[in-house]
Amino acid sequence: MEESVAIRDNRKCFRVTVSEDWEMEEYEAIVVKSKKVRNYIPDDVSFCILSKLPLKSLKRFECACKSWSLLLQDSYFINLFSNNNNLLSVSKDYDDTYFILSYLKDEYTIPSEFYLLPGGVFKNRVKIDWPHPYQECQDPIYILGSVSINGIFCLRQHYKGGPVLWNPTTGEFKVIPPTPPPRSVPTSLTFQYGLHGFGYDSVTDDYKVLQLTNYGLLNDEYQSCWELYSLRNNSWKELHNCIPNRHYYTLARMIGVYVNGVSHWWARSESKYDLEECLISFDFINEVFFTTPAPSYLDVSPRPLSVEQAKKDIDKFLEKHLVLLNESIALISTYIETSTFHISILGELGVKESWTKLFVINHLPFICSPIGVGIKNNLVFFKRIDDKLACIDLNTKMIEEDLGVNPWHHGSQIGKYKKSSLPIGGRNV
């Protein structure tokens, strides 16, 4: 998509075309055509042009001059940039917001309920029954990737149970068969399976599920391997072009986000002595992993050893949560101790410097942890420290402090849903 902006002074008039692949050289060829022309471009005109650029290009221009390097610290420019890039507008690729409420029924059961929120309005929620394999489930249920793919969700249970593909529009579901033990490991060892991603391969018209398998060794240590399920082949295979063992930072929330054929999740190294964190991504078409280092301004807090420790040291715990703001990867960092949360947008995968902190929300003494955003990208839902669900409008900064439900501290989830009447896997699977 391209946009044109006319720049006029008392000598000349020329037009700048802004597109996603706009490079520094193109800008210099037009705007820095001569010193005279450059000196007659008002700041508000150049800022208007820059606000229409994608974040990747904007970050490259920070070195052009001091005023441009400070643009993303200016609230007026940030609002202009967000509006021009539609970061907070309604997601046009999705029809509904979904909401999963997990609540503590008693000491041993934490059931989950599934709702659709027509128009993204919470008070209009409509309850939908889970597919048959999960209707009697008394454990939390999650949706991998936080969105539906061609109308299909991939469901998983909390730490156990195999994944299920489900289309809420048609009611169709498919239970994915369990993976056999990896060929490279003795079958006598113990295994733990952690689902990490659900995605679509547009080249082969295939749906795939990514899984990390941990197996116990004789010295009580664990080793891991990555496995991939293909719906078209109805089988699992072991991946060999893998990354070092990494784990989700958020306790028990193996969710991540999915966009454009790639699944993403926030991770940290396995070693308790190494606090390195990063974004890990998996491309379902090429079946490869790649990483993006965490932004340098992001604090890395010690990981709590248990839920009890996390609740005890809640003021010291930095919660991180990935969401999609109109197909852009966003990281919400919640600072309990200072009652604030930050939202950073990633401009380019694999580039640490492309993280940009766009929103800082202060003075939320009751904030605990984010839950997600729906089709209205300006609404961020989060859990309060008193376990009530609330939301904040990033445009108006207005807060709705109590939405009438009490989510379990690791349970509830909000994301985007696209309706579809096609069978699971299309017509060819």
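Side-chain N or O atoms of Ser82 include one that pairs as donor or acceptor with a backbone N or O of Ile78 at under 3.5 Å. Between the side chain of Asp201 and the backbone N or O of Val203, at least one donor-acceptor pair lies under 3.5 Å. In this structure a side-chain-to-backbone donor-acceptor pair under 3.5 Å is present from Trp236 to Pro177. Formation of a donor-acceptor pair under 3.5 Å by the Arg232 side chain with backbone atoms of Thr204 is found in this model. Judged purely by atom type and a 3.5 angstrom limit, Trp68 has no side-chain atom pairing as donor or acceptor with the backbone of Leu58. Judged by distance alone, with hydrogens and angles left aside, the side-chain atoms of Ser146 form a donor-acceptor pair with the main-chain N or O of Gly256 at under 3.5 Å. Looking at Gln135, its side chain never comes within 3.5 Å of a backbone N or O of Asp129 through a donor-acceptor pair. Using a distance-only test at 3.5 Å, with no hydrogens or angles considered, no donor-acceptor pair links the side chain of Ser91 to the main chain of Tyr94. Checked by atom type and distance alone, the side chain of Thr356 never pairs as donor or acceptor with a backbone atom of Leu358 at under 3.5 Å.
Side-chain contact check for Thr97 versus Ile414: some heavy-atom pair is nearer than 4.5 Å. When side chains are defined from C-beta on, Ile149 counts as touching Phe198, because their heavy atoms get closer than 4.5 Å. Annotation: side chain of Ser202 is in contact with side chain of Ile285 (closest heavy-atom distance under 4.5 Å). Counting heavy atoms from C-beta on, the side chains of Cys368 and Arg384 never come closer than 4.5 Å. Side chains of Leu346 and Leu331 form no contact here, defined as non-hydrogen atoms less than 4.5 Å apart. For the pair Thr169/Ser420, no side-chain contact is recorded, criterion being any heavy-atom separation below 4.5 Å from C-beta on. With a 4.5 Å cut-off on side-chain heavy atoms, Ile110 and Asp139 do not count as touching. Taking the side chain as every heavy atom from C-beta outward, Val209 and Ile176 approach each other to under 4.5 Å.
Counting only N and O atoms by type, the side chains of Asn378 and Asp393 include a donor and acceptor under 3.5 Å apart. Asn362 and Thr340 share no side-chain donor-acceptor pair at under 3.5 Å. Side-chain contact check for Ser112 and Tyr103: no donor-acceptor pair (N or O, by modelled atom type) lies under 3.5 Å. For Asn377 and Ser89, the side-chain atoms include no donor-acceptor pair closer than 3.5 Å. Remark: the Trp226 side chain and the Glu238 side chain contain no N/O donor-acceptor pair separated by less than 3.5 Å.
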Exercise for the section: Apply side chain to side chain donor-acceptor pair (under 3.5 Å) to His264 and Ser281, showing your working. Expected result: CA-CA 4 Å; His264 312 269; Ser281 308; 2.7 Å; yes

Exercise for the section: Start with the C-alpha distance between Leu324 and Lys416, add both sets of side-chain angles, then the distance that settles side-chain contact (heavy atoms from CB on, under 4.5 Å), and finish with yes or no. Expected result: CA-CA 9 Å; Leu324 291 180; Lys416 301 174 176 67; 4.2 Å; yes

Exercise for the section: Would you please test Asn84 and Leu53 for side-chain contact (heavy atoms from CB on, under 4.5 Å) and show each step? Expected result: CA-CA 8 Å; Asn84 287 337; Leu53 293 176; over 6 Å; no

Problem - From CA spacing to verdict: side-chain contact (heavy atoms from CB on, under 4.5 Å), Leu210, Leu239 - result: CA-CA 10 Å; Leu210 179 67; Leu239 297 176; 3.8 Å; yes

Problem - Worked check of ring pair (Phe, Tyr, Trp, His ring centres under 6.0 Å) between Tyr207 and Phe284 - result: CA-CA 9 Å; Tyr207 295 86; Phe284 284 95; over 10 Å; no

Handout entry: Worked check of side-chain contact (heavy atoms from CB on, under 4.5 Å) between Asp93 and Lys418
Key = CA-CA 7 Å; Asp93 294 332; Lys418 178 70 175 179; over 6 Å; no

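Considering Asp206, Asp205, Asn150, Asn260 in turn, Asp205 is the only one that fulfils the side chain to side chain donor-acceptor pair (under 3.5 Å) rule with Tyr200. Tested against Trp166 for a ring-ring contact (aromatic ring centres under 6.0 Å, His included), the candidates Phe173, Tyr98, Trp130 yield a single pass: Trp130.
Aromatic ring centres of Phe341 and Phe359: separated by at least 6.0 Å.
For the pair Gly119 and Ile375, the tightest heavy-atom approach, listed with the atom from each and the gap, is C-CD1, 4.2 Å. Closest heavy-atom contact between Pro293 and Gly350: CD-O, 4.2 Å. The shortest heavy-atom contact between Val164 and Pro131 is CG1-CG, 4.4 Å. The shortest non-hydrogen separation linking Pro295 to Trp266 is CD-CH2, 4.3 Å. What you find for Lys352 and Ser296 is that their closest heavy atoms are CE-N, 3.7 Å. The shortest non-hydrogen separation linking Gly372 to Val323 is CA-CG1, 3.9 Å.
Between Asp402 and Lys388 a salt bridge is recorded (basic side-chain N to carboxylate O distance below 4.0 Å). We find that Lys237 and Glu227 are not joined by a salt bridge, their nearest charged nitrogen and carboxylate oxygen being 4.0 Å or further apart.
Between Ser328 atom OG and Leu88 atom CG the span is 10.0 Å, to the nearest 0.5 Å. Note that the CD1 atom of Ile371 and the OG atom of Ser102 stand 9.5 Å from one another [nearest 0.5 Å]. In this structure, the separation between CG on Leu322 and OH on Tyr258 is 16.0 Å, given to the nearest 0.5 Å. Rounding to the nearest 0.5 Å places OH of Tyr297 at 7.0 Å from OG of Ser333. Between Leu389 atom CG and Leu101 atom CG the span is 8.5 Å, to the nearest 0.5 Å. The NZ atom of Lys376 sits 10.0 Å away from the SG atom of Cys391 when rounded to the nearest 0.5 Å.
Classified by interplanar angle (parallel below 30°, tilted 30° to 60°, perpendicular above 60°), the ring pair Phe77/Phe81 is parallel. The aromatic rings of Phe381 and Phe122 sit tilted relative to each other, their planes meeting at an angle between 30° and 60°.
Surrounding NZ of Lys397 are more than 12 heavy atoms belonging to other residues, nucleotides or ligands, all under 6.0 Å away. Atom CD of Glu136 has 12 or fewer neighbouring heavy atoms from other residues, nucleotides or ligands inside a 6.0 Å radius.
Cation-pi contact between Lys208 and Tyr229: absent, since separation from the ring centre below 6.0 Å together with deviation from the ring axis within 45° is not met. For the pair Arg156 and Tyr142, the cation-pi criterion (under 6.0 Å, within 45° of the ring axis) is not fulfilled.
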